[in-house]
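Report on the following structure.
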Amino acid sequence: MPYVLRRCLLIVPTLLGVSFLGFALVNLAPGDPAEQFARRITDHPPTLVEIAEARERLGLNHSVPVQFVQWMDHAAHGNLGISYATRQPVSTELRRRIPKTLQLAVPASLLALLIALPLGSYSAVRRGHAADQVVRIGAMAGASMPSFWLALLLILLFSVRLGWLPVAGRGGLDTYILPTLTLALEPAAVLARFTRSTMLEALGEDYVRTAQAKGARQRRVVTRHALRNALIPVVTYFGSRLGYLITGAVVVESIFVWPGIGRLTVDAVAQRDYPMVQGVVVFAGLTFAVINLLVDISYRLVDPRIGVGRGVSR
Amino acid sequence: MTAGSGVVLPPADIVSPRRHQLRGVLRDRAALLGLVIVVVLSLAAIFAPVLSRHDPNTVDVSRKFLSPSREFPLGTDHLGRDVMARMLYGARLSIGSTLVATFAVTVIGLTVGLLAGYLGGLVDNLLSRLMEIVSAIPSILLALAITAVLGIGLRNVLIAIVAATWPTYARVIRGAVLAEREKDYVEAARAAGAPMRRIFARHLLPNIIGPAMVITTLELGIMLLSISALSFLGLGVRPPAAEWGAMLSEGRTYLSRAPHMMLFPGSAIFLMVLGFNLLGDGLRDLIDPRIGAASH
């Protein structure tokens with residue numbers, strides 16, 4: 001438990017830093033934030049009184065450190081400011097978009113695991129054979145594929161030419177297929193490469209050789225002994241990819257007109273909606289920090305030696 | 001620390017490491033393919049004016065959306081411009097900006113990584129926290145946010161990408177320095193009273209160059225992908241400048257009418273990234289099979 005506590009405390013400086021980064025972004029943006037706010041929030045050019053009111057409302061009369069503390073205080077209470085574009089609270093918009101991003105990120109990451117684990121382990125077991133070569137080349141190509149091009153190729157084939165699937169938008173189940181496929185390819189390729197190398201390492205370990213020497217079947221050796229141990233770094237790595245999928249599906253969401261966090265970010269950047277950009281940055285930092293925390297803790301809990309012991313005794 | 005890798009590099013003063021690496025890359029067929037792709041596309045960029053038969057920016061709507069032909073080997077776009085010429089000139093902008101961004105990341109990453117790893121203590125602590133904070137936000141998202149502040153344009157996109165991605169590089173270098181620093185020969189040099197500058201230049205740097213070369217090569221692919229992605233989103237070059245990501249974005253609008261408009265720039269980005277990755281992978285296998293997981 002002390003470890004868990006220590007690890008939890010470690011994310012505090014990161015979160016503070018990310019918040020400061022988000023805070024600084026808006027303050028570094030060109031122009032007077034009060035004037036910007038007044039201009040965006042009203043429909044006419046703002047009067048001096050309105051600008052002064054905005055300054056008061058945003059707390060810009062105070063010194064920068066005080067502003068940061070105030071901003072942190074608000075953020076801690078879930079108040080991330082008002083969007084310039086929608087004039088709604090940033091947190092409301094984030095809460096509306098997050099589930100939609102998750103609806104793509106979760107199936108995509110599961111699909112990636114489903115592709116990568118078997119292919120990566122098979123490739124390791126058949127090291128040097130034709131199957132290994134095919135998997136390696138495929139994984140290399142997959143990792144080099146720009147997601148935005150893959151998306152266009154899939155749309156061209158399945159939507160334009162064959163007419164099987166919708167071009168874009170979020171609706172029935174068929175609208176999920178192309179974005180999920182696009183999102184899954186890169187992590188699948190990278191994970192397959194990673195699985196292969198950790199499997200190769202595990203297959204060279206003493207306990208695997210022992211299992212082989214005592215006459216265990218190859219299949220059993222691979223699944224029971226090697227894969228179990230290779231899985232731990234793979235899962236750790238998977239955790240970090242999941243963070244990227246949740247926060248980084250920027251291009252794919254934008255191509256498929258998917259109303260998630262990624263598209264929200266692109267729109268906010270295009271409209272110079274600084275509070276929204278700030279909100280997304282803080283959300284992403286928080287998500288990442290929490291996912292890393294969970295991965296680290298679970299890594300600690302799943303002691304690799306326990307896994308092997310159980311595998312052998314059964 | 002030595003995993004049963006079987007790759008043992010000779011000491012730097014017996015065989016020139018660069019010659020050793022070059023020979024190794026030539027033996028590795030995948031890495032060789034990567035090298036060929038990178039060289040061919042780079043040559044295409046360099047000789048763009050010689051190789052293109054048309055001006056990349058000449059608009060002629062009477063010949064728009066032409067399919068590939070003898071006159072226009074890659075067809076024409078929605079404004080009747082020669083896609084071949086735009087691809088060649090686009091290579092200059094895409095590869096050129098990739099090189100600039102990668103160079104910047106390499107310089108920053110090396111400096112910060114060496115400083116943090118070698119000095120340790122408070123400096124290391126502060127720099128490491130900074131790296132943690134910056135890499136706590138996905139780089140594409142952070143790059144987007146920075147572009148929002150700086151404004152649209154290729155130069156700003158490059159600044160944003162460099163600012164968002166340097167920690168990955170610095171972290172690997174820091175790790176390599178830490179591993180190297182603990183070794184006996186550095187210990188011995190320090191005990192013998194060698195000045196810090198000498199230890200840095202004679203002992204640490206030569207052993208960092210290998211991993212640095214690998215990450216720099218892999219970084220090239222990541223940079224090209226990031227720059228293309230932001231250009232694709234319309235944040236990079238302004239029209240009519242030809243750049244692969246921006247061309248792909250234009251091609252997207254005419255997906256059904258003129259698919260060649262997106263097929264060629266997309267293949268170019270894919271091929272070039274593949275080339276960088278194959279080359280980087282080959283170098284890594286040669287230098288140290290273990291740094292791979294950390295660098296991605």
Side-chain angles (χ1 to χ4, degrees), chain A residues 13-18 20-22 25-26 28-30 136-137 140-141 143-150 152-153 155-156 159-161 167 190 193-194 197-198 201 204 233 237 243-244 247-248 250-251 254-255 262 265-266 268-270 272-274 277-278 280-281 284-286 288-289 292, chain B residues 3-4 30 34 129-130 132-152 221 224-225 228-235 244-245 248-249 251-252 255-257 259 262-263 265-278 281 289-290 292-293 296:
Chain A
T14 311
L15 283 184
L16 272 175
V18 167
F20 181 73
L21 209 66
L25 273 176
V26 171
L28 286 174
R136 286 180 73 188
I137 294 170
M140 192 46 139
S144 308
M145 181 66 116
S147 60
F148 40 97
W149 192 47
L150 176 66
L152 294 184
L153 289 177
I155 293 173
L156 180 64
S159 310
V160 176
R161 288 283 148 87
V167 173
V190 178
R193 282 160 60 85
F194 199 68
S197 65
T198 52
E201 222 164 273
Y237 193 63
Y244 271 97
T247 54
V250 174
V251 188
S254 142
I255 292 179
T265 315
V266 176
V269 169
R272 296 207 160 200
D273 187 352
Y274 298 123
V277 173
Q278 188 180 43
V280 173
V281 165
L286 185 73
F288 248 54
N292 282 340
Chain B
R129 288 294 90 71
L130 183 64
E132 237 162 65
I133 291 162
V134 176
S135 46
I137 303 160
S139 50
I140 181 98
L141 207 65
L142 185 56
L144 268 174
I146 299 174
T147 313
V149 171
L150 295 177
I152 289 169
L224 180 55
L225 276 182
S228 309
L230 291 184
S231 284
F232 180 80
L233 293 173
L235 302 171
W244 290 345
L248 198 52
S249 172
R252 169 192 177 191
L255 195 61
S256 47
R257 187 152 182 204
M262 73 91 180
L263 285 176
S267 338
I269 299 171
F270 168 62
L271 270 180
M272 197 66 181
V273 174
L274 184 66
F276 288 140
N277 283 345
L278 287 173
D281 241 36
R290 276 165 301 138
H296 206 100

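Here the structure is a predicted model, which is why all the values come from computation and not from measurement. By convention in this document, chain letters (A, B, ...) are assigned in the order of the sequence lines, proteins followed by strands, and residues within each chain are numbered from 1.
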What part of [X] is in contact with chain A, defined as an atom under 4.5 angstrom from a non-hydrogen atom: side chain, backbone, both or neither?
X	result
B:Leu233	side chain
B:Ser249	neither
B:Leu274	both
B:Phe232	side chain
B:Leu130	neither
B:Leu230	neither

With chain B as the partner, which of [options] has the greatest number of non-hydrogen pairs under 4.5 Å?
options	answer
A:Ala141, A:Ser159, A:Pro13	A:Ala141
A:Ile155, A:Leu153, A:Thr198	A:Leu153
A:Gln278, A:Met140, A:Met145	A:Met140
A:Val277, A:Val167, A:Ile255	A:Ile255
A:Val160, A:Leu156, A:Thr14	A:Leu156

To the nearest 0.5 Å, what is the distance between [atom1] ([X]) and [atom2] ([Y])?
X	Y	atom1	atom2	value
B:Thr147	B:Leu142	OG1	CG	9.0 Å
A:Thr265	B:Ile140	OG1	CD1	10.0 Å
B:Leu271	B:Phe276	CG	CZ	11.5 Å
A:Ser144	B:Leu225	OG	CG	7.5 Å

Is any side-chain heavy atom of A:Phe148 closer than 4.5 Å to a side-chain heavy atom of B:Ile269?
->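 With C-beta onward as the side chain, the pair touches.
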Does the side chain of A:Leu152 reach to within under 4.5 Å of the side chain of B:Leu263, using non-hydrogen atoms?
-> no
Among the options [options], pick out the one with the most heavy-atom pairs lying under 4.5 Å from chain A.
options	result
B:Glu132, B:Arg129, B:Arg252, B:Met272	B:Arg252
B:Leu224, B:Leu235, B:Leu255, B:Leu278	B:Leu255
B:Gly221, B:Ser228, B:Gly251	B:Ser228

Please walk me through it: do A:Arg193 and B:Asp281 pass salt bridge (Lys or Arg N to Asp or Glu O under 4.0 Å)?
-> CA-CA 11 Å; A:Arg193 282 160 60 85; B:Asp281 241 36; 3.0 Å; yes
Closest non-hydrogen atom pair, A:Ala143 against B:Asn277 = O-ND2, 4.3 Å
Is it true that a side-chain atom of A:Trp149 and a backbone atom of B:Met262 form a donor plus acceptor pair closer than 3.5 Å?
-> yes
